[in-house]
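Some notes on the structure that comes next.
Chain naming here is simple, since letters A, B, ... match the order of the sequence lines and numbering starts at 1 in each. Since the structure is predicted, the reported quantities are computational estimates derived from the model, not experimental observations.
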Amino acid sequence: MARGQSVLTLLAASALVILVGLPVLFILLQAVFPEFARGSFVGAFSKLLILTENDRLLVQARNTLMLAFSVMLGCLILGLPIGVLRGLFHVPGARIWDVVFLIPFLIPPFIAAIAWMMTLQPRGYLFQLLGVDMGRFLFSFAGVAFVMTLNLFPLVYFAVSRALETVGGRFASAARVHGARPMQAFVLITLPLSIPAIAASLLIVFAMSIEEFGTPAALAARTGLEVLVTGIYTRLSDWPIDLSGAAVGSVLLMTMVLVAFALQNWIATRRSYISQTGKPSDLEKADLGAWRWPVVALFALVAAIGVVIPLTAIAVTSFMGTISGGLNWSNFDTRHYTPIFQTGSRAAQALVTSGWLAVLTAFSTALIGGLVAYIVVRGTGRGRAVMDGLSVLPNAIPAIVLAVGIILAWNSPFLPLTLYGTAGILLIAYIGILLPYPIRYAVARLRQISGSLDDAARVAGATQMRALRHVTLPLMAPSLIAAMMLVFAIASRELVASIMLAPAGMRTVGTFVFAQFEQGSVQTGMAMSMIAITLTSGILLVVNLWLARQGTSAFSG
Amino acid sequence: DTLTFYTAGPGDLADALAEAFEAETGIAVNVFQGTTGQVMARLEAEEANPQADVVVSASWGSAVEMHERGLLMEYLSPNAAEVPDFLKHSHYVAQGVSALAMVWNTQSGVPRPSEWTDLTDEAYRDLVTMPDPAQSGSAFDLVAGLEVAMGEEVWDLLARLSANDMIVPGPNAAALNPVLQGAKAVVFGAVDYISYGQAASGETIEVIVPESGTVIAPRPMMILQSTANPEAAQAFVDFVLSEAGQELVAATWMMPARADVEGLRPGINDLTVIEVDEDAVAARREEIIARFNATVTNR
Amino acid sequence: MLRNISLDLAPGEVVALLGPSGCGKTTLLRIAAGLLTATDGRMQIADRLVVDGSGFNATPEARGIGMVFQDYAIWPHLNVLDNVAFPLRMRKLGRSERETRALRALDRVGLRHLAGRFPGTLSGGQQQRVALARAIVAEPPLVLFDEPLSNLDRELREGLALEIGVLLRELGLSAIYVTHDQSEAFTIADRVAVMLGGEIAQIDTPERLFAAPASVQVAQFLNIGALLQGRICSTGGFSCDSGRLKLPGLAGSAPEGPAHVLIPRTAVRTAPEGPLMARVLRCQFQGDRYLLHLGLGGDSVSLVCPADRAVAPNSLIPLSIEPDRVRVFPN
Amino acid sequence: MLRNISLDLAPGEVVALLGPSGCGKTTLLRIAAGLLTATDGRMQIADRLVVDGSGFNATPEARGIGMVFQDYAIWPHLNVLDNVAFPLRMRKLGRSERETRALRALDRVGLRHLAGRFPGTLSGGQQQRVALARAIVAEPPLVLFDEPLSNLDRELREGLALEIGVLLRELGLSAIYVTHDQSEAFTIADRVAVMLGGEIAQIDTPERLFAAPASVQVAQFLNIGALLQGRICSTGGFSCDSGRLKLPGLAGSAPEGPAHVLIPRTAVRTAPEGPLMARVLRCQFQGDRYLLHLGLGGDSVSLVCPADRAVAPNSLIPLSIEPDRVRVFPN
Ligand SMILES: Nc1ncnc2c1ncn2[C@@H]1O[C@H](COP(=O)(O)OP(=O)(O)OP(=O)(O)O)[C@@H](O)[C@H]1O
Ligand SMILES: Nc1ncnc2c1ncn2[C@@H]1O[C@H](COP(=O)(O)OP(=O)(O)OP(=O)(O)O)[C@@H](O)[C@H]1O
Ligand SMILES: [Mg+2]
Ligand SMILES: [Mg+2]
C-alpha cells in the first residue's frame, strides 16, 4: 500500500503546492517584507503594523463576519429547500433547473450588482415599470447580503442535491418505520447525513463572501458599510500601489477562513456519514405526486428572483439605445451588439479563449480536486489536514492579491523557464482559484462512501491508481460533475486574475466586458455578457442533457 | 519583433494605436489594458523581472515616482516638440489629457449647474455623486487642486455637499452610472472624455467645466528602463505623438497632448486650469484622503 | 410482483417466512411496513385498517411497527445508544426512560458495553444486533424481522432466537420473521409461511409443513428428502423413471400416471435386514451426526439419510424405506 | 487486537474460521488481504512473502487474492456483469474473455439472468451472490470468504457450499472461509479454526474438533453438548456441583479436583433400560428430528439430545450416557 499511496500523495501534494501553496507563500513573504516584490528583504514586519494602526479594523472585521453569516443564512434559506427537493424527488425538468441555477455563476458579480442597481435604484427599471423604488433596501447591509446571496446560493443547492442523491431514502425509511414523521425523519436523519456537503458548501460561501469585493463596492460604499476587502482593494486601486498592505489584509482573511475550515472539518469528521455502503440500495427518487406543481412553482420563484431578474436587467440594458432614454420602445436598439460583431475578431478571440480556458480548467480542477480529496479522505499521512486546509485558501484571498502572488512566484528572474507571459499562467491561476470547488464537493462526497468499496477494488487486483479511476472517481462523479460545471461557469467569465495575468494582447470574456465598462459602454459590456451567458448556458444545457441520457443506470448523478 | 504596452484607459484607443503602429512599422504590439491600479499593481509585482516596454498611466504622479525610483528610460521624442512644456519631461510625456468636470443629466429635472459650489444647493439634495479619491486618482487630484485654488474653503464645500447628501459610491464608473439612469442628477468631478463620448452616443448628459477652474489629468507615457527593445519603444512613443497618433487620441474625446492637433471637444486653452504641484500633493496624499473621509464619507 | 399474499396474524402470533433468495420476502415486508405501496389489497394491524383496497395507505410511522432491515440501515451518524433509543424518542419518552429502555434492549442483544460506539466501528454481527435492538426496543404490536440473525454465530443465534420468541410471546407482539435458517424459524414461529416466486405456497405449523408439504416445490425447498420422478401404476405401485427403484406399497395411493414421490430423510433407515442396497456417494459430517448421500439403482436415484457414524464412500449399505412416510404428488 | 495467529494453508486447502460475533474474524481477513497492517508477523501466499516482520507489506493487489466482503462491497455504479468482471479487467484480459468468464461465474451462483442489472435493484441474497462470483471469477490462489452465504436460503447455501468446495479443490485454490454455519464449514473445509477473543483457540479437522475440543470454551462455542461443572474424585468419579448427577466411570480420568465435564449430544441416548430418568423441558422441532432439552436431578443439570419423534414436555424419559464419549477438562 505504501508505495502507491505515496506516489499519489506526492502528486496531489505537489499539485497543491504549485497551484496554491506557491502563490500563498509569496503573498505571505510580501506581507512580511514590504519590498519583497523589488527583491529586497528590508523592513521585515513593518507593514504588519497597519493592523494595529487601523482603528477601523475591528469594525471592518465585524462587518465582514456579519455579512458572511448573513449570506450563509440566506444561501441556506434559498438553496437548501430546492436542493433537498432536487436530491430526493423527481422534480420535473431537473436537468434544466440545474443549468438555470448555474446562471448566477455565469454573471460576473460586478455585472450582477450593476444589474440589480439598475433595476432597483431610484428611477431604475422597477420604478419605470411599477413606480417602486427599492434603492433604500438595495444600498444597505441587507441589500448587499441579498445580492451576494443570489450570487452564491446555488453552491448550497448543488452540494445538497448531490449529497442527498447518495443518502437516498433508505435511512429515512428506517426512521419512518420506527415512528418518525416525514419531517422528523428528514431533520433527524436525512439532513444530518448530508452535513458534510452542507458544511462544505457553506465554507465556500463563507470564503467567497469575505473575499467578494464587487458587490460591497458597488452597493455598500455609499452606506459606509466597510468590510475588510474594501481596504485591500483600495490599496491596489490607484497610485500609489501598496502590495504589502494588501497582502497583510489578505492574511487576515486567510486566518478567518482557516478558522472556519477547522470548524467545518471538525463537524464533518466528528462522526461518520457513510451512507453509500457496500450493499447498494435502490436510489430511485420519490415521486412528488400532488406536490409536483407547487414544487415547480417554488423552483420557478427562486429562479425568478435569483436568475430571471438580473438576467432580464442585463438583457434589457444591452438592448437600450441610451440608458438615460429609459424603458421606451423607441429606445430599444441592437446597436450595442454591432461593435461586438464588428470588432468580430477580438470578441470572438475573447470567447474562444475563455471557452477553452474554462473547459481545461473544469477538467483539470476535477482531476486534481478528485485526487486531493481522495488523499485527504482516504489517505493515512499526517499532512492530510494541511492539504485540506491549504485547498480552501484561494477562496479567501482576493483574486487580485492571489494574482499578485502568482506573478511574484512565477515571474521570478531565477526561474529557468516559466509559464508567466503565456496563456498557461492563466490556466494555472484559474485552476488555483477554482480548485476549492471540486475539492470541497468531492471531500464531502467521499465522506459518504464506504471505504470497503475501494478496498474491494484493491483486493480485486487494482492498483491504487486504477481503483481510483474505476471505482472511487466514478462514485464521486455526481459531485465532481456538479463542481466541474460550477468551475466551467466561473472560469468562463473570470475577471480579476485574467486582467492581471493574461499575457499582454490576450483577451477573455471578463476582460473584454470590463474594458467596455471602463470606457463607459455599459450596454456593450452587457451585450457581450449576454452573448457569453447564452453560449455558455447553452453548452451546459447540452452537456447536462447528454449526461442525463448517459445516466440510464439506477446510479446517476 | 514585438513590443509590450501596458496602458490604463480606453482599450479601443490602445488597440487602435497598436494596429496603426504595426501597420506602419511592422512591429506587433501586445496590449495589456486595465485600470491604473491594475496596471500599476502588475508593474509592481513584476518589478523583479519587468515585462512591459511602454506604459501609459492615468496618474501623472505615478510617472513622477517611477522616475524617482529610476525605473524610466530617458527619452524625449522629437514629436513632443508640439507638446506644451508642462505636459512633458525628460523621461515621460503626456499621451493625452482629460479634465475633471461636472456631468449633468439633462432630463433630471434639476437646473443646469455651472459651478462646483452650485451643487450645495437644496435643489441637488440627494442627487449628486462623486468618485472616491481613495480609488480614483483623478478625483484625488481634483480635491487637491481645488484646495490649491480655494484653500480651506474646499473642505467647507465638501462638507456642505456631504450635508446635501452627496454620495461617494466608488471609482469613476460607479459615480457616473446612477446619473445616466437618472437615479442621481450630477457627478461632481467626473473624468470628462467618457461622458463626452456617451453624450455623443445619445445619452442625455452634458459635460460642464466650471469657469472657476478645474484640474486636468494628463496621461503620462513612459518607457521602462528595463526594456529589451528601446528602439521599438521609442518608435512607438514617436508614433503616439505623431499627428496620426494624436488623431486617434482625439477620437476618444480626450484632449490630444499636442497643441497643434484639434480635439473633438474644448481643449486645454479653453479651460481654466488649476496648476497642481504633483510632488507636494503626493506627499500629502494620506492626509488629504483622511480628511476627505472625515469630511464626506464619515469613515 | 407479489401475488395472492394472504397472511393472518393472531395477536401474539409469530409467522416465519421462508423462501429462496429473490422470491420477494423483503418486498413483502416493505409493503407491510408501508414503504412500498401494494397496488391492491387490504391490510390490518392490531385491528386497525392500514391499507384498504381503495387507495388509503397508512404512513409507515402510523403503523406502529418495528423492523430489522436486511441491510440493517442503522444510522451512521448516531451512536449505538441513540440508534436504539430512536423509536422511543419518536414516541416522546423522556430522556432517562429512553436511556433505561434502550440499555435494556442492548443488554438483550449483548451490546450494552458498546452503547457509546458509533456503528462504523462495529463488526458485522454487532451491527446486526443494534438493528435488532432498535426494532424491539419500543415493543411495537407488529415487528418485521428481515433475516435478523443471519450474521451471528450459532450460539448467539440460538440464544437470541429463544429470547426474541419469549419476548414476543410475553408482550403479545405479532411478528413476521424472515429467515433462511429452518431451525431458527421453528424455534421462534408458531406457523411458517413458505414463499416461492412471489406467492405464499404454504403456511402451516412446522410439523405439518414437513409431514404434508403442499407441493413438490415446497418439499424441494424445505429439503425434506429425496424427490423422485416416476409413474404410479395401479398394479406395480411407483416406479422411478431414472432407475430401478420400485415402491410397490404406493399402488393405489394416487391415480395412475406420472407423479413425484417424496422420500423424507426420516423415512430412510440403514437397517441390516433392509431390502435395498445403496452405495454411499458422500458422507457429510454435521457435528453430532453424519448425512449420507446415497445412490440406488446404479446411482440413478439419490437419497439422503442421517447416520450416527461415518461410512466410507463407495461402500454398500442395506436400507429400508418406511412407506407411510413417503408422499406422492401426482403431476 | 489479534494475538498469536498462526495459520498454514497447504495449496488447495480450505480452512474454515468459526468464532463468535466480534471476535476478530473480519479483522484477520483484512490483515490477510493487506487492507490492514499487522504490527508484527509474517505472511506468505503461494510461496511468496507478502508480509515480513520488518515493515515490508505487499499491497492488496499484489497478493493475488479474492475476497467476499462481509458487507459485500459491491460497486453501485457498475452493473452485475461489470462488477463480476472487474478482477479480470484488472488482470488485463480481453473483453470477450472477461465476459465469458464472468458469465460463467454468474452461472455458478445462479445469477446469469441478472447480468445486466444494477446492484441497487437486487435482493440481499442476490447481492451476496454477486460478491461471491466476483471473488472467485479470477481464480486467485487464495480466496478469503467472509460469511459468503449468510443471506442465502438453505438449499442455495448447501448447493453453493458444495460448488465452492469443488471449485477450490479442482483449481487447487486455498481459502479462508469465515462462517457461522457449522455444517457449511464442515462441507467446505479441510480444517476448521475456532477463533475466540482475538486468538485462534483450536485448529483441527471437523471430526477431531468435535471429538476432542481443546478447551471448555471451544466445546461451548461449538455447542457440542452439555457442559457441567463439578469435581473429580478418585473414588466416586465425577459429581456435578449443581445436582445429583454422578458419573462414576470418570474416576481416575483426571487428577482430583474441580473440573468441567462435556457430555456431547451423541453421548446421550434415550434408552428404555437407561439408568437415568430425565424430564423433558422443551422439545424443539428441527425438520427431520427433534432436539430434547432435558433436566436431570430436579432440573439442576441440563442436557440436550436428539430424538426421532416429539416428546411431550414434562414427561419423564430414561437415558443412558456413553462414558467413553464424555470428556473431562480439569480446571
Ligand atoms: N474501527 C474500529 N474501532 C474500534 N473497534 C473496532 C473497529 N472495527 C472493529 N472493531 C472491533 O473489533 C472487534 C473485531 O471486529 P471484527 O469485525 O473483526 O469481528 P468479526 O469476528 O468479524 O465479527 P462478526 O462475526 O460480527 O462479523 C469487534 O469487537 C469490533 O467492535
Ligand atoms: N428496484 C428493483 N427493480 C427491479 N427489481 C427489483 C428491485 N428490487 C428488487 N427487485 C427484484 O425483486 C425480487 C424480490 O426481491 P426481494 O428483495 O423481495 O427478495 P428477497 O426474497 O428478500 O430475497 P433475499 O432472500 O435474497 O433477500 C428480486 O428478484 C429482485 O431482483
Ligand atoms: Mg431480502
Ligand atoms: Mg465480521
Side-chain angles (χ1 to χ4, degrees), chain C residues 18-27 70-71 110-111 114 122-129 146-147 149-158 162 179-183 186-187 205-207 209-210 220-225 264-266 282 284-289 291 304 306 308-310, chain D residues 18-27 70-72 110-111 114 122-129 146-147 149-158 162 180-183 186-187 205-207 209-210 220-225 264-266 282 284-289 291 304 306 308-310:
Chain C
L18 289 176
S21 180
C23 74
K25 303 178 295 296
T26 299
T27 309
Q70 188 170 11
D71 62 357
L111 288 184
L114 299 181
L122 300 183
S123 81
Q126 288 163 343
Q127 292 185 14
Q128 191 167 39
R129 285 182 277 162
D146 203 348
E147 309 186 18
L149 309 176
S150 57
N151 290 303
L152 302 181
D153 58 281
R154 178 167 158 173
E155 206 187 352
L156 198 55
R157 181 154 62 216
E158 285 180 0
L162 275 175
T179 178
H180 289 307
D181 181 329
Q182 293 183 11
S183 86
F186 302 156
T187 303
T205 60
E207 273 94 347
L209 216 51
F210 267 72
Q220 179 166 23
F221 172 70
L222 292 174
N223 196 10
I224 298 176
R265 286 180 206 177
T266 49
R282 202 155 59 82
Q284 196 180 347
F285 181 59
Q286 290 217 306
D288 53 3
R289 61 173 180 176
L291 216 53
V304 199
D308 281 341
R309 20 210 105 222
Chain D
L18 289 176
S21 180
C23 73
K25 304 178 294 296
T26 300
T27 310
Q70 191 171 10
D71 70 348
Y72 312 162
L111 287 184
L114 299 181
L122 300 184
S123 81
Q126 288 163 344
Q127 290 186 2
Q128 193 168 37
R129 284 181 276 162
D146 202 348
E147 309 188 19
L149 308 175
S150 58
N151 289 302
L152 302 180
D153 58 280
R154 176 167 158 172
E155 205 188 352
L156 198 53
R157 181 154 64 218
E158 287 180 358
L162 276 175
H180 289 307
D181 181 329
Q182 294 184 10
S183 85
F186 301 155
T187 303
T205 61
E207 273 95 346
L209 214 52
F210 267 71
Q220 179 166 23
F221 172 72
L222 291 175
N223 197 9
I224 299 176
R265 286 179 207 179
T266 48
R282 204 155 59 81
Q284 196 181 349
F285 181 59
Q286 289 215 308
D288 56 1
R289 61 174 180 174
L291 217 52
V304 199
D308 281 342
R309 22 209 102 222

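The OG atom of D:Ser150 sits 10.0 Å away from the CG atom of C:Leu152 when rounded to the nearest 0.5 Å. Separating the CD atom in D:Gln127 from the CD atom in C:Gln70 is a distance of 8.0 Å, to the nearest 0.5 Å. Taking CG of D:Asn223 as the start and CZ of C:Arg157 as the end, the distance is 11.5 Å to the nearest 0.5 Å.
Neither the backbone nor the side chain of C:Asp71 comes within contact range of chain D; no heavy atom of the residue lies under 4.5 Å from a heavy atom of that chain. If you measure heavy-atom distances from D:Glu207 to chain C, the contacts under 4.5 Å come from both the backbone and the side chain. With a threshold of 4.5 angstrom between heavy atoms, D:Leu156 approaches chain C through side-chain atoms but not through N, CA, C or O. Interface remark: D:Arg154 contributes backbone and side-chain atoms alike to the contact with chain C (heavy atom separation under 4.5 Å). Looking at D:Gln286, both its backbone and its side chain come within 4.5 Å of chain C, counting heavy atoms on both sides. For D:Leu149, no part lies under 4.5 angstrom from a heavy atom of chain C. Proximity to chain C is limited to the side chain of D:Phe210, based on heavy atoms less than 4.5 angstrom apart. When heavy atoms are compared at a cutoff of 4.5 Å, C:Pro20 approaches chain D by way of both its backbone and its side chain. Contact of D:Gln220 with chain C is made through backbone and side chain together, with heavy-atom distances under 4.5 Å.
Using a 4.0 Å cut-off between charged nitrogen and carboxylate oxygen, D:Lys25 and C:Asp153 do not count as a salt-bridge pair.
Partners of D:Pro206 by side-chain contact (heavy atoms from CB on, under 4.5 Å), not counting sequence neighbours, listed by chain and number: C:Phe285, D:Phe186, D:Val192. With sequence neighbours excluded, the residues that form a side-chain hydrogen bond (donor to acceptor under 3.5 Å, both in side chains) with C:Asp146 are C:Thr26.
Checking C:Ser21 against D:Gln126 by side-chain atom types alone, no donor-acceptor pair falls below 3.5 Å.
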